[in-house]
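Have a look at the structure below, then the notes.
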Amino acid sequence: MDQAQKDDGGLVGRPSTVVPGRFGQELKVEQVRWSHKQGTGNPSRPIFVLMHGWGSNEEDMADLMRYVAPYNDYASLRAPMVVPGSERGMFGPGYTWFHDMRPEQEDLDRDGYAAARAVDAWVSANIPEDRPVVAMGFSQGAMLAVHLLRVNPERYRASICLSGFLAPGLVPGTAPADERLAGLNKPVFLGFGSDDTTVPKYEFRALAAWLDEHVWLHTTEYDHLEHAVDMREMNDLRQWLGEIDVTSGLM
């Protein structure tokens, strides 16, 4: 263990061979796409904080809001790191929250905690403290939508996890609020596809089992769906949001 790791209590890990840097290094959110009026178009309703997956950007998740909650405000965040080589792609650079597409074990603990802290810090600095926040993400972003509850559960009204996964909690201090979370009954929507080959099915099962012990869980597996979302999932999600009084119910 080098001096940087000692100084950070073990929260910064080994160097990555995929995205430059170390697993768990400090991150900062700097690019955001806001909804109408900089997220103040409908201040009486909860605001959504959106987090995309590997190689995508803030436009991707923002596009889903027309199907999920068209009358709620949102802030769609761009992950802080660039996926190596994506700058040369047809659609420009893609971004990542983690130093690999899907880190494992201690690497995931460290990267998940660092990214969740970055998102939570952005929320604290940019959204009024008295406004409810719904965390929503896909893949990497879905992992973060859950991990925000493991870092600062009191701040988030609900979480939406679309094709996500769970940090194992092997590194002390990377999921500091797990015990508090279990007593708060936070509503969480978990959706995943039966044909997803990016995140193994056993990881979805493990995530669902963990959530069932810590939150008020609604979960659905979608037949013939790969690592993606479809209108079945969007329709279910829209109905669920109405049931927990996050959306107005109007369409």
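- Counted by atom type alone, T197 and E226 present zero donor-acceptor pairs between their side chains at under 3.5 Å.
- Checked by atom type and distance alone, the side chain of R110 never pairs as donor or acceptor with a backbone atom of V171 at under 3.5 Å.
- Between V32 and W122 there is a side-chain heavy-atom pair separated by less than 4.5 Å.
- Remark: side-chain polar atoms of Q25 are not paired, donor with acceptor, to backbone N or O of F23 under 3.5 angstrom.
- Counted by atom type alone, Y222 and D236 present one or more donor-acceptor pairs between their side chains at under 3.5 Å.
- For D63 (side chain) and R66 (main-chain N/O), no donor-acceptor pair under 3.5 Å exists by modelled atom type.
- For the side-chain contact (heavy atoms from CB on, under 4.5 Å) with V49, the lone residue among L148, I127, N126 that qualifies is I127.
- Checked by atom type and distance alone, the side chain of K28 never pairs as donor or acceptor with a backbone atom of P80 at under 3.5 Å.
- Considering only heavy atoms from C-beta on, R131 comes within 4.5 Å of D73 through its side chain.
- Atom CG of N42 is separated from atom OG1 of T247 by 10.5 Å, given to the nearest 0.5 angstrom.
- Taking Ile, Leu, Val, Met, Phe, Trp and Tyr as members and joining any whose side-chain heavy atoms lie under 4.5 Å apart, directly or through other members, the hydrophobic cluster of M101 also contains V18, V19, L27, W54, M81, V83.
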**OP:** Would you sort out whether D60 and H52 count as a side chain to side chain donor-acceptor pair (under 3.5 Å), showing the intermediate values?
**Re:** CA-CA 7 Å; D60 188 23; H52 62 78; over 6 Å; no

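- Between R205 and E221, at least one side-chain nitrogen of the basic residue sits less than 4.0 Å from a carboxylate oxygen of the acidic one, meeting the salt-bridge criterion.
- Between E26 and R117 there is no salt bridge, since no side-chain nitrogen of the basic residue lies less than 4.0 Å from a carboxylate oxygen of the acidic one.
- By the ring-ring contact (aromatic ring centres under 6.0 Å, His included) test, Y74 pairs with no residue at all, sequence neighbours left out.
- R155 has its side chain within reach of V133: a pair of non-hydrogen atoms, C-beta onward, lies under 4.5 Å apart.
- How far CG of L207 is from SG of C161: 5.0 Å, rounded to the nearest 0.5 Å.
- Counted within 6.0 Å of CD on E59, heavy atoms from surrounding residues, nucleotides or ligands total more than 12; the atom is thus considered enclosed.
- Within 6.0 Å of the CD atom in E154, the count of heavy atoms belonging to other residues, nucleotides or ligands exceeds 12.
- In this view, F138 and H227 satisfy the ring-ring contact (aromatic ring centres under 6.0 Å, His included) rule, not counting sequence neighbours.
- Stacking of R78 on the aromatic ring of W97 is not recorded, the 6.0 Å distance cut-off and the 45° axial limit not both being met.
- Evaluation of the salt bridge (Lys or Arg N to Asp or Glu O under 4.0 Å) rule for D212 yields no partner, not counting sequence neighbours.
- Between the side chain of S16 and the backbone N or O of H99, at least one donor-acceptor pair lies under 3.5 Å.
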Subject >> Worked verdict on L211 versus L190 for side chain to side chain contact (heavy atoms under 4.5 Å, CB included) >> reply: CA-CA 9 Å; L211 287 171; L190 170 62; 4.1 Å; yes

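- Salt bridge annotation for R33-E58: absent, with no cationic side-chain nitrogen under 4.0 angstrom from a carboxylate oxygen.
- If you chain together ILVMFWY residues whose side-chain heavy atoms come under 4.5 Å of each other, V82 ends up grouped with Y95.
- A salt bridge between R14 and D107 is present, with a side-chain N of the basic residue lying under 4.0 Å from a carboxylate O of the acidic one.
- The ring-ring contact (aromatic ring centres under 6.0 Å, His included) analysis of residues 160-207, with sequence neighbours excluded, yields the pairs F189-H218, F189-W240, F192-F204.
- Between D245 and R157 no salt bridge is recorded (no basic side-chain N to carboxylate O distance below 4.0 Å).
- Side-chain contact check for M51 versus M136: every heavy-atom pair is 4.5 Å or farther apart.
- Rounded to the nearest 0.5 Å, atoms CD (Q140) and CG (D100) are 8.5 Å apart.
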